[in-house]
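Please read the structure below before turning to the comments.
Scope of the values below: all heavy atoms of this structure, side chains included, with no hydrogens, waters or symmetry mates. Counting starts at 1 for both ligands and their atoms, following the listed order.
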Amino acid sequence: MTIAELYAIYQQHPTVQTDTRKLQKDDLYFALKGPNFNGNAFAQKALEQGAAYAVIDEADYAIKDKTILVDDVLQTLQQLALHHRKQFNIPFLAITGSNGKTTTKELIHAVLSTAFKTYTTEGNLNNHIGVPLTILKIKSNAEMAVIEMGANHQKEIASYCVIALPTHGLITNVGKAHLEGFGGEEGVRKGKGELFDFIRQNNGSVFRMNDYDYLRDMSKGIANVFTYGTKDADVVGNVAQSDPFLEVNFTKGFEGEIKTSLVGSYNLPNVLAAVAAGKKFGVNDEKIKAAIEAYSPSNSRSQLVQKGSNKIILDAYNANPSSMKAAIENFAKAEGDSKFLVLGGMAELGQESLQEHKTLIDEIAKHKWKAVLLVGGDFLKTEHPFLSFAKPEEAGEWLQKQNLQNAFFLIKGSRSMQMEKVLNYL
Ligand SMILES: CC(=O)N[C@H]1[C@@H](OP(=O)(O)OP(=O)(O)OC[C@H]2O[C@@H](n3ccc(=O)[nH]c3=O)[C@H](O)[C@@H]2O)O[C@H](CO)[C@@H](O)[C@@H]1O[C@H](C)C(=O)N[C@@H](C)C(=O)N[C@H](CCC(=O)N[C@@H](CCC[C@@H](N)C(=O)O)C(=O)O)C(=O)O
Ligand SMILES: Nc1ncnc2c1ncn2[C@@H]1O[C@H](COP(=O)(O)OP(=O)(O)OP(=O)(O)O)[C@@H](O)[C@H]1O
Ligand SMILES: C[C@@H](N)C(=O)N[C@H](C)C(=O)O
């Protein structure tokens, strides 16, 4: 079957599903292979549950007239997404970077949605499966699309660009994340830079944080650049205050002040990016302000949680050296004399992992804390003067025994550490 023929079927059954556990009647089931299951084995179940068709790549699972046999289901999903993408002549803004992709994406989506029918990535479904699924969710009434792209190795972003065909690009920043797969920080720059390479080759536009020299270098040769930053940019804003929530005042490109519900001054560039996107696409300042002020994270990213008399910055969705440093600096500046740092290990750092954990320990030691609790990962292999635990539950139990009141906590760590479990003990 050609992609055009499959596309005709998709137009009749436009809800794509890759998981029988979430399947609804009339969905088009794509039988992906993963580390745990072979989706082909669920084709029959999908059809029994009411799927219109099941797209499979193993003939043994064929069911007459109801399965569509292709060479490779994942590639077919990606090709179908590209075919769908080509039906739209609207801005497609792709966002990548080491830190802040999801937050920036959510803020931009909120701003653009006040003026345009805008489709975007759900959560952070930003990989080789998530990007095509996101595109296939875009309906014919779309006026804007905002696509998040994550990556942990070279050529990955390039492979998403040839599916999403972005007209606009935004790289939030390049930091020390996924060092293992990218081969060091220079490798991260090259990998994330694949987005700007695509934009350059296709005469598209970029949004650029002007404070970062490396982004200026990476965007060389791109004619259409709209900038944001703390000085010398199209949109200029600075931190008015950040304890506990970030407030931004503007001196150029935007009238007024924005009071966010985001913890941490490290969210400044994310907010400025959303303002820049709004301005570039003609959204008025009042709507931009209202959209950003209404956004409140509920996803363990930059969240402020109150438990009894204790206050917690819950930033446990993920961690890497750059975001850890930003979060610690922010917490160090916050008011309070009963501050507890509860940090889990950082994953996917390869041969730089031990050194990065040591560097972080030096960073922690620069500030004054009531106590520091380091949990699991390569913290366990690093000498330090702080409290040490193997698991978040153990750190939680220690904290519970202290019977703390009016304390302030920062909880952060890599996804695999599940540091949010500490919250159950406070
Ligand atoms: C393939 C898939 O979608 N798997 C999801 C599934 O996993 P599960 O463990 O159950 O099984 P398999 O993957 O082995 O299953 C194969 C297929 O069989 C289906 N199936 C299984 C059982 C059953 O009863 N019925 C079935 O139909 C199954 O659905 C598969 O299609 O379920 C899990 C739980 O819901 C999902 O977590 C799993 O999803 C995988 C991880 C996935 O890739 N999902 C994408 C939609 C996605 O975008 N996920 C994002 C990833 C975000 C991320 O981490 N981004 C990184 C950078 C990414 C680099 C990239 N190269 C990478 O490594 O992924 C970043 O830094 O931002 C997310 O999870 O949030
Ligand atoms: N601009 C930034 N600079 C440094 N750290 C940031 C920035 N924005 C967010 N962070 C940190 O990264 C964490 C995750 O934020 P977010 O989910 O938006 O990033 P992400 O790049 O999308 O990560 P992922 O792809 O894993 O979801 C935040 O909770 C915060 O600690
Ligand atoms: C959750 C995943 N997108 C990620 O960023 N992983 C890093 C290594 C983490 O868990 O912090």
Sequence neighbours excluded, the answer for ring pair (Phe, Tyr, Trp, His ring centres under 6.0 Å) partners of Y212 is Y214
Any N/O of T102 closer than 3.5 Å to an N/O of ligand 2?
yes
Would you indicate which of E348, R21, E156, R415 comes nearest to atom 7 (O) of ligand 1 when only heavy atoms are counted?
R21
The option among K33, E148, H178 carrying the non-hydrogen atom nearest to atom 66 (O) of ligand 1 is H178
Ring-face cation contact, Y119 with K117, 6.0 Å cut, 45° max:
yes
Judged by non-hydrogen atoms, does Y29 sit under 4.0 Å from ligand 1?
yes
Counting only heavy atoms, tell me which of N36, I129, I157, V73 gets closest to atom 1 (C) of ligand 1.
I129
Do ligand 2 and P269 have nitrogen or oxygen atoms that lie under 3.5 Å from each other?
no
Please name all residues satisfying side chain to side chain contact (heavy atoms under 4.5 Å, CB included) with A327, sequence neighbours left out, ordered by chain then number.
Y266, D315, L410, K412
Counting only nitrogen or oxygen atoms and a 3.5 angstrom limit, does S323 reach ligand 2?
no
Do the ring centers of F37 and F42 come within less than 6.0 Å of each other?
yes
Do the ring planes of Y7 and H84 sit parallel (below 30°), tilted (30 to 60°) or perpendicular (above 60°)?
tilted
Only heavy atoms count here, so choose which of T134, N124, N127 is nearest to atom 52 (C) of ligand 1.
N124
Of the listed options N126, N318, D19, N40, closest to atom 56 (C) of ligand 1 (non-hydrogen atoms)
N126
Strictly under 4.0 Å, does any heavy atom of G123 approach an atom of ligand 1?
no
Heavy-atom distance to atom 29 (O) of ligand 1: which of T121, L125, T18, L23 wins?
T18
Can you confirm if the NZ or CZ of K66 lies within 45° of the ring axis of Y53 and under 6.0 Å from the centre of its six-membered ring?
yes
